[in-house]
Amino acid sequence: MHDIWNPWHGCIKISEGCKNCYMFFQDRMRDKNGADIYKTKSFYYPLEKNKNGGYKVQSGEMIRVCMTSDFFLEEADEWRDEAWKIIRQRSDVKFFLLTKRPQRVLEHLPKDWNYGYDNVFFNVSAENQRRADERIPILLELPFKHKGVMCAPFIGQVSLDKYLATGQLEQVICDGENYAGARECHYEWVKTLSDECRKYDVTFVFCGTGNYFVKDGRKYHIEGSALQSTQALKSGLTYIGREIEFKLVDALGMPIFHEELYKPHFKEKCDSCGMKAVCNGCSDCGRC
């Protein structure tokens, strides 16, 4: 996928949301151990260029970082400074960071961080209320210009009202759990988050139901990410709130005009996908 950058791979489980981690499942299917942590061959992906000399990742794209690890994993400390340099160098690209370790963040920011890079969108995982109350207060105290929350895997009811009231959160994403041992995701939990985000005009994206979705007391077994995503979209719970404004600049620090930025394009299948609201667009892989 053209919107993912995994500079390192592998992780250490630290909370209940990690129990059925998809990365560990997929590694196990390949006879590998997800706890083996290593720097990947795609470490320099944001700096790769095409045959015409231009960057493969275009100005204005949103890149999701460390989807098979955690950006603030202790075992990745030796590589992170170099990753920060790449993020700073590509000041024309938006980087979506997600962590379950916000307590480690402040001590591992680059020296020139100040109040934050404008091209970094920092998110914490909040799989249930316990983790929301543990991680979001830390998030709110950290010097990031763009902040969000990801309730995934969504395995327990969560209220974010008091955190949304601060005005700091710009987006909430919600997804159910998959693979062996998947736990239930309840419609009422998702609707609570959707209603709270509407109250504060914050974008809420319900991108997947997970394997087991409960609504009106009935438990549904939904197989396949495509169907889960379609059902999530059909729920009508996704809400597009106020626009998130990233002040992207070129290598010389000059603002990039809106018309010069990457504009995602979509195909017919995308119209039924719950991820469309936060997707980087079609990568033209040809599989459609």
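In the hydrophobic clustering, M254 connects to L252, either directly or through intervening members, whenever side-chain heavy atoms lie under 4.5 Å apart.
Crowding of E107 atom CD: a count of heavy atoms from other residues, nucleotides or ligands under 6.0 Å not exceeding 12. In R242, the CZ atom is crowded: over 12 heavy atoms of neighbouring residues, nucleotides or ligands sit closer than 6.0 Å. Taking a 6.0 Å sphere around CD of Q129, one finds it holds more than 12 heavy atoms contributed by other residues, nucleotides or ligands.
Between the side chains of N211 and Y179, no donor-acceptor pair is found at a separation under 3.5 Å. No side-chain donor-acceptor contact under 3.5 Å links H146 and N119.
Ring pair Y117/W113 is tilted by interplanar angle, where 30° to 60° counts as tilted.
By the 4.5 Å heavy-atom criterion applied to side chains, R30 and Q26 are counted as neighbours. The shortest distance between side-chain heavy atoms of V124 and E134 does not fall below 4.5 Å. The shortest side-chain heavy-atom distance between R198 and F204 does not fall under the 4.5 Å cut-off. Under the 4.5 Å side-chain criterion, counting only non-hydrogen atoms from C-beta, K32 is not in contact with H9. Side-chain contact between L169 and L139 is present, with at least one heavy-atom pair separated by less than 4.5 Å. Side-chain atoms of Y239 and D201, non-hydrogen and from C-beta on, do get closer than 4.5 Å to each other. By the 4.5 Å heavy-atom criterion applied to side chains, E188 and D216 are counted as neighbours. At least one side-chain heavy atom of K94 sits under 4.5 Å from a side-chain heavy atom of L248.
With sequence neighbours excluded, the residues forming a side chain to side chain contact (heavy atoms under 4.5 Å, CB included) with D284 are H265, K267, C282, listed by chain and number.
Taken to the nearest 0.5 Å, the CD atom of Q228 stands 9.5 Å off from the CD atom of Q231. Annotation: the span from K215 atom NZ to H186 atom NE2 amounts to 13.0 Å, rounded to 0.5 Å. Note that the CE atom of M62 and the SG atom of C279 stand 11.0 Å from one another [nearest 0.5 Å]. Atoms CD1 and OG1, from I222 and T209 in turn, are 3.5 Å apart once rounded to the nearest 0.5 Å. A distance of 7.0 Å separates CZ of F24 from CG of N33, quoted to the nearest 0.5 Å. A distance of 10.0 Å separates SG in C174 from CH2 in W189, rounded to the nearest 0.5 Å.
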Side-chain donor-acceptor contacts of residues 149-165 below 3.5 Å, not counting sequence neighbours, with atom names and distances?
unit_1	atom_1	unit_2	atom_2	d
S159	OG	E196	OE2	2.7
D161	OD1	K199	NZ	3.1
D161	OD1	Y200	OH	3.4
D161	OD2	Y200	OH	3.2
Y163	OH	D133	OD1	2.7

Taking it one step at a time, do D271 and K269 satisfy salt bridge (Lys or Arg N to Asp or Glu O under 4.0 Å)? CA-CA 5 Å; D271 291 335; K269 285 185 178 181; over 6 Å; no

Show the numbers, then the answer: is there a side chain to side chain contact (heavy atoms under 4.5 Å, CB included) between H221 and Y212? CA-CA 5 Å; H221 183 198; Y212 297 103; 3.6 Å; yes

Derivation of the side chain to side chain contact (heavy atoms under 4.5 Å, CB included) call for L73 and C11: CA-CA 7 Å; L73 187 72; C11 202; 4.0 Å; yes

Check against side chain to side chain contact (heavy atoms under 4.5 Å, CB included), F72 and V105: CA-CA 7 Å; F72 292 97; V105 172; 3.7 Å; yes

Please evaluate residues S235 and F206 with respect to the criterion side chain to side chain contact (heavy atoms under 4.5 Å, CB included), reporting the C-alpha separation (whole Å), side-chain torsions for both, the decisive distance (0.1 Å), and the verdict. CA-CA 9 Å; S235 73; F206 180 32; 3.4 Å; yes

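Applying the salt bridge (Lys or Arg N to Asp or Glu O under 4.0 Å) test between E16 and each of R183, R131, K100 identifies R131 as the sole match. For the ring pair (Phe, Tyr, Trp, His ring centres under 6.0 Å) criterion with F71, the lone passing option out of F122, W79, W84 is W84.
K145 forms no cation-pi arrangement with Y115, by the criterion of a distance under 6.0 Å to the ring centre and an angle within 45° of the ring axis. Under a cutoff of 6.0 Å and an axis angle of 45°, K39 and F43 form a cation-pi pair.
F121 and V278 fall within a single hydrophobic cluster, where Ile, Leu, Val, Met, Phe, Trp and Tyr side chains are chained together by heavy-atom contacts under 4.5 Å. Residues V214 and L193 fall into different hydrophobic clusters, defined by Ile, Leu, Val, Met, Phe, Trp and Tyr side chains chained together at heavy-atom separations under 4.5 Å. One hydrophobic cluster, built from ILVMFWY side chains closer than 4.5 Å, holds both I87 and L106. When hydrophobic clusters are built by joining Ile, Leu, Val, Met, Phe, Trp and Tyr residues whose side-chain heavy atoms come closer than 4.5 Å, directly or via intermediates, V57 is not grouped with V249. Neither I138 nor I14 shares a network with the other; the hydrophobic side chains, linked directly or stepwise wherever heavy atoms of I, L, V, M, F, W or Y lie under 4.5 Å apart, form separate groups for each.
Looking at every heavy atom in both residues, R80 comes nearest to W8 through CA-CH2, 3.9 Å. Among all heavy-atom pairs drawn from L140 and Q168, the shortest one is O-OE1, 3.2 Å. In terms of heavy-atom proximity, A132 sits nearest to P137 at O-CD, 3.5 Å.
The pair R101-E74 fails the salt-bridge criterion, with no side-chain N (NZ, NE, NH1 or NH2) lying under 4.0 Å from an Asp/Glu carboxylate O. By the 4.0 Å N-to-carboxylate-O rule, K191 lies close enough to D195 to be salt-bridged with it.
Side chain of Y262 to backbone of V93: no donor-acceptor contact under 3.5 angstrom is found. The backbone N or O of E259 sits less than 3.5 Å from a side-chain atom of K263, completing a donor-acceptor pair. Using a distance-only test at 3.5 Å, with no hydrogens or angles considered, a donor-acceptor pair links the side chain of R135 to the main chain of S125. Within the 3.5 Å criterion, the main-chain N or O of M23 finds no donor-acceptor partner in the side chain of T68. Listed for the T238 side chain is no donor-acceptor partner under 3.5 Å among the backbone atoms of L233. Under a 3.5 Å cut-off, the side chain of S272 and the backbone N or O of T230 do not form any donor-acceptor pair. Between the K247 side chain and the P255 main chain, no donor and acceptor come within less than 3.5 Å of each other. A donor-acceptor pair under 3.5 Å is formed between the side chain of T203 and the backbone N or O of G241.
A centroid separation of 6.0 Å or more is found between the aromatic rings of F96 and W5.
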